Amino acid sequence: MNDKFLTPYNPTETEDRIYTQWKESEYFNPDKLPSRHRTPFTIIMPPPNANGHLHAGHALTLTLQDIFIRYKRMQGFKALWVPGADHAGFETQIVYEKKLEKEGKSRFKMDRDVLYKEIYDFTMENKKFMEHEIEKMGSSCDWSREKFTLDPSVVKEVQKTFKKLYDDGLVYRGSRIINWCTKHQTSLSDVETESKEQKDKLYYFKYGPFTISTARPETKFGDKYVVMHPDDARYAEYKHGQTFELEWINGPITATVIKDEAIDMAFGTGVMTITPWHSGIDFEIAERHNLPKEQIIDFVGKLLPIAGEFTGMKIAEVRPKMVEKLKEKGLLVKIDEEYVHSVPVCYKCATTIEPQVKAQWFVKMKPLAELALKAVKEGRVQFMPDNFEKIFKYWMENTLDWNISRQIVWGIPIPAKHCEKCDEFVVDTEDVTKECQKCKGAFVKDTDTFDTWFSSGQWPLLALGYPDSSDFKNFYPTDLMETGSDLIFKWIPRMVIFGLYLAGKEPFRHVYLHGMVNDAQGKKMSKSKGNVVNPLDLIAKYGTDALRLGLVVGNTPGSEISLREDKIRGYKNFSNKLWNITRFVLSSAEGEVYEGKVQDEELAKILVDVTGDIENYRLHLASEKLYHYVWHRFADEILEESKKILKEGSEEEKKERKQLLLHILAQVLRALHPFIPFVTEEIWAHMPIADKKMLIIEEWPGK
RNA sequence: GCGCGAUUAGCUCAGUUGGUAGAGCAACCCAUUUACACUGGGAAGGUCGCAGGUUCGAGUCCUGCAUCGCGCACCA
């Protein structure tokens with residue numbers, strides 16, 4: 001027996017060496033697998049952001065995907081797992097802006113090209129860390145196929161998709177209400193905002209014969225339309241279109257009555273004035289009745305000249321001052337101090353979103369969402385756990401047009417131009433149009449970039465080299481998409497849509513969504529709370545195998561998991577237990593070669609069970625069953641009873657028992673390999689088995 | 001306001017089709033160098049959130065309620 005089993009298992013010493021062996025074997029590459037591997041099984045890795053280090057959530061997703069890939073590879077599938085890296089437009093730009101802030105710089109004072117180059121270098125540097133960490137997790141992904149979301153071929157294809165959507169009438173440029181982050185100076189899509197509940201004051205003002213209420217008096221300077229529900233009996237005497245004179249903030253104005261069903265009669269007085277430039281609802285009302293829109297607040301959050309004496313002031317400053325002024329004019333009716341409502345905030349900096357009207361590129365979602373909805377209803381895309389199907393459908397039935405323009409440099413440029421003179425625009429992927437056909441003015445390139453999710457949404461296609469590559473022909477549609485449940489809106493629907501729209505086929509058949517990884521007390525990890533767990537620290541202490549098992553056992557699909565160190569420590573002990581079992585088996589069976597003749601019905605039955613569990617995405621059960629069998633059945637009982645047989649049995653009984661021990665150990669190593677690949681591969685190398693291959697391509701033991 | 005999820009041992013969580021409650025950790029007792037102390041054996045610990053219902057039988061199915069968490073909407 002090898003002396004190495006005389007000392008406890010050392011993950012740190014083992015893991016990097018084994019990973020190198022796997023890489024050298026080239027078995028991560030499906031084209032290099034032995035001939036028994038014919039039917040493709042494909043997973044596209046959700047590309048981690050290339051702007052920093054991996055967190056616990058990455059550790060979980062990589063573990064789950066690697067388990068499925070290794071399992072399928074052992075079963076004889078032509079397993080492909082495509083790794084990637086995401087430039088993560090807005091998020092990376094924010095990370096870099098924070099870095100600039102620390103250095104006392106601002107991106108708004110920098111040349112665009114210089115800034116782009118700096119973020120590019122920063123990203124390339126961080127991409128290396130991220131890739132190294134994917135390797136540390138034991139991920140058996142095919143590095144020869146790795147893609148980056150800013151690879152020239154990817155950029156080109158994303159721009160072509162934009163052109164195609166435009167030609168098909170599914171992308172349009174429009175001046176519509178958008179979510180504007182005054183800190184980051186960019187528009188955001190609806191999924192890039194969050195709701196924040198807060199308590200504000202609700203002000204009631206006299207507006208001619210009416211009393212209106214508002215939480216945002218500072219937007220009211222230009223309000224000239226007063227709106228009420230057509231069925232509201234209280235205001236039946238006022239007719240739609242009727243005008244009246246009134247005294248308002250900065251003097252007398254003429255206002256018009258508008259009747260619209262969007263008004264909630266139960267709210268406040270049932271009457272409101274509208275500010276179409278700074279409110280989604282008001283914008284819609286204005287659109288319906290063809291009313292003018294006027295900007296009150298500029299893009300940095302300061303009042304425009306329409307505010308008269310308040311021009312140039314910030315919102316927070318203006319609000320009390322103008323309320324005071326209205327009070328002096330006798331127009332303040334009352335103030336409700338306890339008005340609790342939610343406001344949209346930037347999901348990254350929590351700055352309150354200022355709705356603005358701005359010319360942007362939009363994707364017309366309804367016809368595309370219908371494609372996705374149909375695919376899900378027909379079962380061509382299935383969710384695990386299946387309650388996500390309901391959420392997906394609801395979302396697809398209630399889509400808003402998607403703003404894909406971002407006013408940031410870090411991203412894929414939108415291939416469009418507009419005329420300096422008349423604002424005519426043109427989509428130009430080849431950069432050939434120089435002059436406006438309408439007015440002969442000069443065209444300038446759009447400086448906006450795409451929403452990251454516009455390119456990420458096409459990732460299953462792009463990662464496989466859509467449209468012409470052989471990989472795309474061989475491996476699309478993919479089999480499984482494993483990602484966090486928080487991406488059910490941001491990402492999953494967009495991938496389904498683009499897959500169906502561009503390739504005519506759903507991008508994946510199954511979606512497995514894991515829950516968020518929380519700290520030991522079940523609290524969300526965040527830098528501000530200081531409870532962030534770094535997977536690399538855990539790997540250094542307990543080994544990757546232990547971390548992987550700790551993330552998988554008892555973790556049901558979709559539900560949150562509390563990451564506790566004592567649990568991971570327990571699974572480090574399991575690796576060592578397996579190590580010592582091997583020590584006992586190999587020393588007991590010294591000189592014996594595994595003949596593969598014995599069977600063990602009990603184990604065979606468990607392996608059938610485990611196989612069923614994995615097939616049905618019950619990894620938490622599969623892993624626990626194996627753990628329990630190895631520790632409490634194989635070690636505690638079978639090994640113990642073997643001691644007596646090996647000591648007192650006949651020669652025949654001894655030989656049979658040795659074969660049985662080798663058999664169980666071999667089967668258990670195979671079955672555990674997807675879960676704890678390092679220690680099993682290491683032990684496998686010392687098994688007395690003739691003509692064995694590396695464990696990574698050995699046959700899966702269950703039926 | 002609408003929707004989703006959770007509520008099971010001290011803690012963190014399993015419990016696949018309804019058939020006398022499980023794991024890991026912690027705590028308790030015993031064993032003291034055993035393949036493994038990163039160990040073994042043992043014992044203890046739960047009216048499965050509450051109230052009804054269906055059933056021969058409910059942690060599991062149905063209804064209602066409560067508490068916690070999350071998402072969406074409104075956000076005048």
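A quick note: this is a predicted structure, and the numbers were derived from the prediction, not measured. Only heavy atoms go into these numbers, but all of them, side chains included; no hydrogens, no water, no symmetry mates.
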Query raised in the report: Which is true for A:Phe574 with a 4.0 Å heavy-atom rule: it touches a base, it touches only sugar-phosphate, or it touches nothing?
Result: nothing
Report task. Scan A:Leu202, A:Ile315, A:Thr275 and name whichever one has a side chain to side chain contact (heavy atoms under 4.5 Å, CB included) with A:Arg216. Result -> A:Ile315
**Report entry** Which nucleotide in B:C38, B:C74, B:A14 has an atom nearest any side-chain atom of A:Ile281
**Finding:** B:C74
Report summary line: Of the candidates B:C74, B:C72, B:G24, the side chain of A:Tyr394 sits closest to B:C72
Query raised in the report: Choosing from B:G40, B:G71, B:C36, which nucleotide comes nearest the side chain of A:Trp631?
Result: B:G40
Query raised in the report: Which nucleotide in the list B:A35, B:G41, B:G15 gets nearest to the side chain of A:Thr556?
Result: B:G15
Query - Candidates B:C11, B:G71, B:A23 - which lies nearest the side chain of A:Glu624 - result: B:A23
Query raised in the report: If you check the A:Asn573 side chain, which of B:G69, B:A35, B:U39 turns out closest?
Result: B:U39
Query raised in the report: Could a donor-acceptor pair under 3.5 angstrom be found where the side chain of A:Lys567 meets the base of B:C25?
Result: no
Report task. Answer with base, sugar-phosphate or nothing: what part of the nucleic acid does A:Gly268 contact at a heavy-atom distance below 4.0 Å? Result -> nothing
Query raised in the report: Is there a donor-acceptor pair under 3.5 Å between the side chain of A:Arg319 and the backbone N or O of A:Glu218?
Result: no
Report summary line: Nearest-nucleotide check on RNA chain B, A:Asp613 vs A:His632; residue mapping nearer the 5' end is A:Asp613
Requested in this report: Looking at every strand, decide which applies to A:Ile581 at a 4.0 Å heavy-atom threshold: base, sugar-phosphate, or nothing.
Outcome: base
Query raised in the report: CG of A:Asn576 versus P of B:A35: gap in Å, rounded?
Result: 15 Å
Query raised in the report: What nucleotide, of B:G5, B:C13, B:U16, holds the atom closest to the side chain of A:Ser562?
Result: B:C13
Report task. Tell me, please, whether A:Tyr203 has A:Lys220 positioned over its six-membered ring: NZ or CZ under 6.0 Å from the ring centre and within 45 degrees of its axis? Result -> no
**Report entry** Given A:Tyr542, A:Tyr627, A:Tyr9, the one that forms ring-ring contact (aromatic ring centres under 6.0 Å, His included) with A:Tyr571
**Finding:** A:Tyr627
Query raised in the report: How would you label the contact of A:Asp636 with the nucleic acid (heavy atoms, under 4.0 Å): base, sugar-phosphate, or nothing?
Result: sugar-phosphate
Report task. Between B:C74, B:G15, B:C38, spot the one nearest the side chain of A:Leu621, thanks. Result -> B:G15
Report task. Using a 4.0 Å heavy-atom cut-off across all strands, classify A:Tyr339 as base, sugar-phosphate, or nothing. Result -> sugar-phosphate
**Report entry** Length of the CG-C1' vector between A:Asn580 and B:C38, whole Å
**Finding:** 9 Å
Query raised in the report: Do the rings of A:His510 and A:Tyr617 sit parallel, tilted or perpendicular, given the 30° and 60° boundaries?
Result: tilted
Query - Residue A:Pro8, side-chain heavy atoms: nucleotide from B:G24, B:C4, B:C38 that is nearest - result: B:C38
Report task. Any chance you could measure A:Leu188, atom CG, to A:Trp180, atom CH2, to the nearest 0.5 Å? Result -> 9.0 Å
Requested in this report: With heavy atoms under 4.0 Å as the rule, sort A:Ser588 into base, sugar-phosphate or nothing.
Outcome: nothing
Query raised in the report: Touch check for A:Lys643, heavy atoms < 4.0 angstrom, all strands: base, sugar-phosphate only, or nothing?
Result: base
Report summary line: Nearest-nucleotide check on RNA chain B, A:Val271 vs A:Arg618; residue mapping nearer the 5' end is A:Arg618
Query raised in the report: In whole angstrom, what separates A:Asp519's CG from B:G69's P?
Result: 15 Å
Query raised in the report: What is the nucleic acid contact for A:His229, judged by heavy atoms within less than 4.0 Å: base, sugar-phosphate only, or nothing?
Result: nothing
Query raised in the report: Cut-off 3.5 Å, side chains only: do A:Glu192 and A:Ser189 have a donor facing an acceptor?
Result: yes
Query - Given B:C36, B:C74, B:G15, the nucleotide with the shortest approach to the side chain of A:Arg583 - result: B:C36
Query raised in the report: With a non-hydrogen cut-off below 4.0 angstrom, is A:Leu639 in contact with a base, only sugar-phosphate, or nothing?
Result: base
**Report entry** Distance below 4.0 Å between A:His628 side-chain N/O and B:G15 OP1 or OP2
**Finding:** no
Query raised in the report: With a non-hydrogen cut-off below 4.0 angstrom, is A:Ala520 in contact with a base, only sugar-phosphate, or nothing?
Result: sugar-phosphate
